[in-house]
Amino acid sequence: MTNASNPFRGRVAPSPTGFLHIAVARAALYNWLSARKLGGQFILRIEDTDRARYVEGSLDNIKSGLRWLGLDWDEGPDVGGPYGPYVQSERLPIYHEYIQKLLASGHAYETYYSKEELDAIREEVGEADPVTFNRRIQSMPEEEKARRRAAGVKPAVLFKMPEDGETVVYDEIRGEIRFPNKSLRDPVLLKSDGFPTYHFAAMVDDGLMKITDVLRGVEWLPSLPLHVQVIQALGWETPRFYHLSLFLDPSGKGKMSKRKGSNEYPIFVHQLREMGYLPEALLNWIALMGWAEASGDREVYTIPELIQAFDLGRVRAAPAAVDYDKAEWLNGVHIRMLAPDDLARRLVPFMQAAGFDVTAEGIAPMVPLIQERIANLTEAVDLLDFFFVTPPAPDPAELTPKKLTPAEVVSELLAARETLAGLEPFDAASIEAALRGMAQARGIKPGDLFTILRVALSSKRVAPPLFGAIACLGRTTTLARIDRALGILQPA
RNA sequence: GGCGCAUUCGUCUAGAGGCCCAGGACACGGCCCUCUCAAGGCCGAGACACGGGUUCGAAUCCCGUAUGCGCUACCA
């Protein structure tokens, strides 16, 4: 179609009005995946034409979120490219140039009505009759226009929609869709402040930037006929359009709040990142909301596998409810796929945030103990803390398994102390063998012995596997904590 | 109100006329494994929104209804 020489040129075009939302991340991902698979380009463009909604810090949040996810852009802010600038507020002269063309060709016209007047006319005419509305504003007498111009009123430029017939558009996900032209109101292309609206800026930029495939939210589907009219008026070829469905809240009923993520329903990439999700897991999860392979039976993908398998032609039209359970599961799967020292590195920031001054090398020995026990990075803290700091004193009740008396526990602790004190080598396998031998010799259930030791060493009922933990703790600390437990059970 | 989109287990989905009395996954329940917790294995329960057509035959095609959602801004 457009630009046959380019296999794929896609773009994600967020507005700097908030944080990076997972819906934008999904659009970026689908674009990026297609570009990487087809050998095309993924472009980042900033649509900052609404000065009133600009939010400080938003741009950084979006860019850093995309980078963290690994969705690097080939053209855009910071990296440049042949069709820049990639920030719309820096492209004003370009829009004005094309507005002049549309004005000259009669596809667009200036209006001197204020927004308030337009609102009033709209209300008077009624929502259901765009044609009458269009005619009304197109028919301001020239004298009136001149009068307002003289008074300093800046015009807005509107696009002149056809009154008859229908515009037939094609959405790659849904197929052909027909819109009666009389149902569309003339849209504003250029605001009186000289800034273009999305309807105009996005079409001009997509055309100039040689975009072949436009991925955007379904909320744009109703404006598609308008957009193809604008593109045709500009004399350009129409790119392929894919309108991505909405995300629904986990109940599957309401739509996800667009602008604010709660702790219950996090929807911003930085929130998920702070919660301990891996970028590759997040991408895997997001990719699956609205897309699946023909077989439909694969859920776990590495990034290279995703690039391989992804196909824009298989994106679904129905909205998808966000499933945090699945995100958690997928994250666990990806955590388990990590090389242990890679996991150790990723854990460091979370341990440090919890107040543990550790290094990747420092926690590396413990990582294999917890790797299959955590579904997100933050969970590691509770499993590892007792290795780095003496835990609060264990509860005597938890130290004493059912059917055992404190005196018996003391006796087992003493025996274990003796077993461990001279054990060589002090590694997990030897420790296990020694402790099991001891349990058998003394006639205590292994499970009871291990429970006693687990609580004595970690002060927890749930902790990493005992033998490996003892090895990591080291002989000195292990014996010290056994002594402490002893002291608790038999006060001097 | 107008215009448009969507509708398969609770959720994400496979299914593009017979392969489907509908397959996979998460979650859920049970069992197994087991030093706790996990991970893993096995088993189970669970869906084609409704009504008409078309067809020898429909989850798949058509129409209608219902429900949900979007747009209807000089916001994107």
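What you are looking at is a predicted structure, and each value in this text was computed from that prediction instead of being measured. Proteins come first, then strands; the chains are lettered A, B, ... in the order of their sequence lines, and each starts at number 1.
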Nearest-nucleotide comparison on RNA chain B, the residue closer to the 5′ end among Glu432(A) and Ser183(A) = Ser183(A)
Dump the intermediate steps for salt bridge (Lys or Arg N to Asp or Glu O under 4.0 Å) on Glu379(A) and Arg373(A), then the final yes or no.
-> CA-CA 9 Å; Glu379(A) 289 175 352; Arg373(A) 264 159 257 268; over 6 Å; no
Want to settle it: does Pro446(A) or Asp323(A) sit nearer the 5' end of RNA chain B, counting the closest nucleotide to each?
-> Asp323(A)
Name every residue in residues 108-117 of chain A that has at least one heavy atom under 4.0 Å from any atom of RNA chain B, in order of residue number, or write none if there are no such residues.
-> Tyr113(A), Ser114(A), Lys115(A)
Asp186(A) has an atom CG; how far is it from atom P of rC71(B), in whole Å?
-> 20 Å
Mind checking whether Glu412(A) and Met438(A) have side chains closer than 4.5 Å, heavy atoms only?
->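 Yes. Closest side-chain heavy atoms under 4.5 Å.
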Nucleotide opposite rC61(B) in a Watson-Crick or G-U pair, distances under 3.5 Å =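 Paired with rG53(B).
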Identity of whatever pairs with rC33(B) - Watson-Crick or G-U, under 3.5 angstrom | none
Shortest non-hydrogen contact from Pro250(A) toward Ala321(A) | O-CB, 4.4 Å
rA76(B) OP1/OP2 closer than 4.0 Å to side-chain N/O of Arg53(A) | no
Between rU72(B) atom C1' and Glu127(A) atom CD, what is the distance in whole Å?
->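 That distance rounds to 6 Å.
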Spacing between Arg174(A) atom CZ and rC69(B) atom C1', to the nearest angstrom |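 Roughly 11 Å, once rounded to whole Å.
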When the P atoms of rC5(B) and rC62(B) are considered, how many whole Å apart are they?
-> 12 Å
Sugar-phosphate, base or nothing in reach of Leu383(A), heavy atoms under 4.0 Å = nothing
Expressed in angstrom and rounded to an integer, what is the separation of Phe310(A) atom CZ from rU13(B) atom P?
-> 13 Å
Please check if atom NZ in Lys182(A) has more than 12 non-hydrogen atoms from other residues, nucleotides or ligands closer than 6.0 Å.
-> no
Of all of residues 156-169 of chain A, which get a heavy atom below 4.0 angstrom from RNA chain B, listed by number?
->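 Heavy-atom cutoff 4.0 Å gives Ala156(A).
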Ring pair (Phe, Tyr, Trp, His ring centres under 6.0 Å) contacts touching residues 426-468 of chain A (sequence neighbours left out) = Phe450(A)-Phe467(A)
Quick one: label Leu466(A) by what it contacts on the DNA or RNA (base, sugar-phosphate, nothing), any heavy atom closer than 4.0 Å.
->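 Base: the residue Leu466(A), judged by heavy atoms under 4.0 Å, touches a nucleobase.
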What nucleic acid atoms does Arg336(A) come within less than 4.0 Å of, heavy atoms only: base, sugar-phosphate, or nothing?
-> sugar-phosphate
Please work out if Pro187(A) contacts a base, only the sugar-phosphate, or nothing of the nucleic acid, heavy-atom cut-off 4.0 Å.
->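 Here Pro187(A) touches no strand at all.
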Would you mind pulling out the nucleotide paired to rA45(B), Watson-Crick or G-U wobble, both distances under 3.5 Å?
->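 Paired with no nucleotide.
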Which is true for Arg314(A) with a 4.0 Å heavy-atom rule: it touches a base, it touches only sugar-phosphate, or it touches nothing?
-> sugar-phosphate
Hey, does Phe467(A) reach any base, or is it just sugar-phosphate, or nothing, if we go heavy atoms under 4.0 Å?
-> base
Just wondering, do Glu299(A) and Leu288(A) contact through their side chains at under 4.5 Å, heavy atoms?
->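 Yes, at least one pair of side-chain atoms sits under 4.5 Å.
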Please state the P separation for the pair rG24(B) and rG41(B) - nearest whole angstrom.
-> 14 Å
Describe the nucleic acid contact of Trp220(A) in one word from base, sugar-phosphate, nothing, applying a heavy-atom distance below 4.0 Å.
->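 Base contact.
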Nearest-angstrom distance, P atom, rG68(B) to rA27(B) |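 After rounding to an integer number of Å, I get 30 Å for this pair.
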Could you check whether Gly217(A) gets within reach of a base, just the sugar-phosphate, or nothing at all, counting any heavy atom under 4.0 Å?
-> nothing
Could you check whether Arg185(A) gets within reach of a base, just the sugar-phosphate, or nothing at all, counting any heavy atom under 4.0 Å?
-> sugar-phosphate
Could you give the CG-to-P distance, from Asn134(A) to rG2(B), as a whole number of Å?
-> 18 Å
For rA16(B), the Watson-Crick or wobble counterpart (both distances under 3.5 Å) | none
Euclidean distance, atom CZ of residue Phe247(A) to atom C1' of rC12(B) [Å, nearest integer] |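 It is 11 Å, rounded to the nearest whole Å.
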Within 45° cone and under 6.0 Å: Arg185(A) NZ/CZ vs Phe133(A) ring | yes
Taking distance alone, no hydrogens or angles, what donor-acceptor pairs closer than 3.5 Å link side-chain atoms of residues 155-163 of chain A to residues at least two apart or in another chain?
unit_1, atom_1, unit_2, atom_2, d
Glu163(A), OE1, Arg135(A), NE, 3.4
Glu163(A), OE1, Arg135(A), NH2, 2.6
Glu163(A), OE2, Arg135(A), NE, 3.0

Over 12 foreign heavy atoms within 6.0 Å of CD, Glu56(A) |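 Open.
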What is the ring orientation for Tyr265(A) with Tyr324(A), classed by angle as parallel under 30°, tilted 30 to 60°, or perpendicular over 60°?
-> parallel
Report which part of the nucleic acid Ala318(A) touches: base, sugar-phosphate, or nothing (heavy-atom distance under 4.0 Å, all strands).
->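 It contacts sugar-phosphate atoms only.
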Using Watson-Crick geometry (N1-N3 plus N6-O4 or O6-N4) or G-U wobble (N1-O2, O6-N3), each under 3.5 Å, rC26(B) is paired with rG10(B)
If pairing requires Watson-Crick or G-U wobble contacts with both distances under 3.5 Å, which nucleotide is the partner of rG68(B)?
->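 Partner of rG68(B): rC5(B).
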Between Phe200(A) (CZ) and rC74(B) (P), how many Å, whole number?
-> 16 Å
What is the nucleic acid contact for Glu328(A), judged by heavy atoms within less than 4.0 Å: base, sugar-phosphate only, or nothing?
-> nothing
What are the two closest heavy atoms between Pro365(A) and Cys472(A), and how far apart are they?
->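 Reported closest heavy-atom pair: O-SG, 3.7 Å.
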Between the side-chain atoms of Arg373(A) and the base atoms of rC37(B), is any donor-acceptor pair under 3.5 Å?
-> yes
Expressed as a whole number of Å, how far does the C1' atom of rC28(B) sit from that of rA45(B)?
->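 So the two C1' atoms sit 9 Å from each other.
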Protein-proximity profile, nucleotides 41-47 of chain B, B/S/- by nucleotide at the 4.0 Å heavy-atom cutoff, equals -------
Are the aromatic rings of Tyr198(A) and His227(A) close, with centres under 6.0 Å apart?
->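 Under 6.0 Å, so yes.
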Counting any heavy atom closer than 4.0 Å, what does Asp325(A) reach on the DNA or RNA strands: base, sugar-phosphate only, or nothing?
-> sugar-phosphate
Full working for ring-ring contact (aromatic ring centres under 6.0 Å, His included) between Phe310(A) and Trp291(A) | CA-CA 8 Å; Phe310(A) 188 72; Trp291(A) 171 83; 5.2 Å; yes
Touch class at under 4.0 angstrom, heavy-atom based, for Ala52(A) against every strand present |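 The residue Ala52(A) makes no contact with any strand.
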Provide a list of protein-nucleic acid N or O atom pairs under 3.5 angstrom, restricted to nucleotides 17-21 of chain B.
none

Look at the side chain of Glu372(A) and the base of rG40(B), then say whether one donor and one acceptor between them are separated by less than 3.5 Å.
->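 Such a pair does not exist between side chain and base.
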Is any side-chain N or O of Ser192(A) under 3.5 Å from a base N or O of rC74(B), one able to act as donor and the other as acceptor?
->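 Side chain to base: pair present.
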When the P atoms of rC9(B) and rC48(B) are considered, how many whole Å apart are they?
-> 7 Å
Determine the interplanar angle of the His199(A) and Trp220(A) rings, folded into 0 to 90°, and report it as parallel if under 30°, tilted if 30 to 60°, perpendicular if over 60°.
->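 Aromatic pair His199(A)/Trp220(A) classed perpendicular.
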Rounded to the nearest Å, what distance is computed from the CD atom of residue Glu219(A) to the C1' atom of nucleotide rA73(B)?
-> 15 Å
Rounded distance in Å between the P positions of rA16(B) and rG10(B) |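 Per the computed distance, 23 Å lies between those P atoms.
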With respect to the phosphate group of rA14(B), does any side-chain polar atom (N or O) of Arg316(A) fall under 4.0 Å of OP1 or OP2?
-> yes
